[in-house]
Each structure stands twice: as C-alpha cells, then as structure tokens.
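Take a look at the structure set out below.
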Amino acid sequence: MTIVGVPAGWPATEEEARTVQDELRGRVVLDEPGPPPGTGLVTGVDVAYDDALDLVAAAAVVLDATTLDVVGEATAVGRVSFPYVPGLLAFREIPAVLAALDRLPCPPGLVVCDGYGLAHPRRFGLASHLGVLTGLPTIGVAKNPFTFTYDDPGPARGGSAPLLAGAEEVGRALRTRDGVKPVFVSVGHRVGLAGAVAHTLALTPRFRLPETTRRADALCRQALRDAASFPPPPGR
DNA sequence: GCGACAG
DNA sequence: ATCTTGTCGC
C-alpha cells in the first residue's frame, strides 16, 4: 500500500496558506451554469483522519447521477499535510483528495465536497480550491453554517434560505428532507448556485446528506481502518 | 482581549 | 474530524 506524500511547495504556515488562497481566488469560474442535475456522473469526495498515526485517507466515489449507482471509486492514504485551522481546511484535505481522484477509473464529472466553496472568509473554500486545481465543476455541501447566518428555511424538503456573510449571499441553507436540519450549499467552481442546489436535491432522495458524501465518507473511513491495521506502520 | 469557527 | 452506550424507530 502506497502512502502519498505532501505536494512540493505545499504551504507550511497559515500565512503562506492564506497567500495561496488570495492568489488562486481569481481563477474561480462563476459564469457557467454547470452540468445539468440528474444526468452524467457525480463524484463525492471525503477525508478521514488518524491524528495519532499522522494518517489521512481520502475517497472519491463516482455515481451515475440518474440512478445513484456507484460506477467507480478510489482511495488514497497519506500523511497529514496541515493542521485543522478554520478557513484553511483545503490545505488539510486536498493532497489526499487529488491522489484519490487521480486513481479513479473514469472521469469524475461534477465533484461534491464535504465543506464550503465560496462561503468562506476569503471566498475560497475547499470546493473552490479543488475546482481551480482540477478544472472540474465543484460544489460544497456542509453540515454546519460555519460563521454564516441564515433564517430557518421552510420545514419541507426543498425549502431554502440565503446563507449570509453580512448582507452578501454566499450560499444557501437547504432543507433536503422534511423536518430535518438544513445543509449548507455553496458554489465551488464552474457551477451556479441554482445548479448547486438542484444537484444537492437530486442527490438526497432519502437522507439529509448527499449520496455522494455518504458513499465517500464510508469509503474513506474504511480505507483509514485498513491503513491503520496494515503491517508496515508509519515510518519516519 | 475573548470567543466562535467547514472537517 | 474524533472520542463513545444505549436507545428510539423504520
């Protein structure tokens, strides 16, 4: 089993990381509607950690957007590349995610991230960062409102309300199931907010979280368990 | 200055 | 994210 390394030149400090975000932010494409929901391929990516072993495991699971059947998947295990710092999550997750995406047997199509895109202190969250680095259309679907505010959406599935940074709408609080806590959707790269919301609804026929995220979450946890119990543990 | 803060 | 038992419900 291979342990992927941290990319050369990867930021080592918070200051460097913020500078990278400020430099890449301008490359986000916001004028494309994105692929039509319910067609083609949709890929979920997620990451799991074992801080004690300094391990990170990423998974990418490709679904047929129409049937939500799994049509391809891949994982990658690596060393933790950055500490968790609110606003700098991408530097912790992206190296392993890129490795997993590289190992996919088919093109990913739209990529759904567990976190934020434009809804970010510098408008460059994980989903936007991954989109700029890969050129793929991406969206972010987060479980928490982070530092943003919102009015409670209507109680039925499909209900939504603006996710606000002050007066600026950076995403949408979206109810994906009747009566359950909303998820927080934001644009990543090459997809509009309306498209991001439509994709999220198409991916939640049964559960609060997108099927993509659920599949990727289960797979990266499994990959982490496998890695943690593998004979040649982490060397130095 | 202090607390909050995607995963 | 992760640490964790039982428990209520489909």
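Note on naming: letters A, B, ... go to the chains in the order of the sequence lines (proteins, then strands), and numbering restarts at 1 for each one.
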| request: Measure from the ring centre of A:Tyr49 to the centre of the six-membered ring in the base of B:dG7, then say whether that distance is under 5.5 Å and the planes meet at under 30°. | output: no

Separation of [N] [atom2] from [X] [atom1] (nearest whole Å):
X	N	atom1	atom2	answer
A:Glu93	C:dA1	CD	P	9 Å
A:Arg206	C:dC10	CZ	C1'	9 Å
A:Leu89	B:dG7	CG	C1'	5 Å
A:Leu53	C:dA1	CG	C1'	15 Å
A:Phe146	C:dA1	CZ	P	15 Å
A:Phe91	C:dA1	CZ	P	21 Å
A:Phe207	C:dC10	CZ	C1'	11 Å
A:Leu209	C:dA1	CG	P	9 Å

| Mind checking whether A:Phe91 and A:Phe82 have parallel, tilted or perpendicular rings, split at 30° and 60°? | tilted

| query | Parallel under 30°, tilted from 30 to 60°, perpendicular over 60°: which one fits the rings of A:Tyr116 and A:Phe146? | reply | parallel

| field | Closest listed nucleotide, where the reference is the side chain of A:Thr147 and the choices are B:dC5, B:dG7, C:dA1 | value | B:dC5

| request: Give the nucleotide from the list C:dT2, B:dG7, B:dA6 with an atom nearest to the side chain of A:Asp114. | output: B:dG7

| task | Could you walk me through whether A:Asp152 and A:Arg175 pass salt bridge (charged side-chain N to carboxylate O under 4.0 Å, His left out), step by step? | result | CA-CA 9 Å; A:Asp152 212 46; A:Arg175 191 97 59 192; 3.2 Å; yes

| SB check A:Arg214 A:Glu211 (cutoff 4.0 Å) | yes

With a non-hydrogen cut-off below 4.0 angstrom, is [X] in contact with a base, only sugar-phosphate, or nothing?
X	value
A:Arg221	sugar-phosphate
A:Ile94	nothing
A:Gly87	base
A:Ala48	sugar-phosphate
A:Asp51	nothing

| message | Which residues in residues 5-18 of chain A have a heavy atom closer than 4.0 Å to any atom of DNA chain B? | response | none

[X] side-chain N/O to [N] phosphate OP1/OP2 under 4.0 Å:
X	N	value
A:Asn144	B:dG7	yes
A:Arg92	B:dA6	no
A:Lys143	B:dA6	no

| query | Are the aromatic ring centres of A:Tyr84 and A:Tyr49 under 6.0 angstrom apart? | reply | no

| field | From A:Phe124 atom CZ to A:Arg18 atom CZ, the distance as rounded to the nearest 0.5 Å | value | 15.0 Å

| Straight-line distance of A:Leu201 CG to A:Leu174 CG, nearest 0.5 Å | 4.5 Å

| request: Check whether the side chains of A:Arg123 and A:Ser128 place a donor and an acceptor atom closer than 3.5 Å, and report yes or no. | output: no

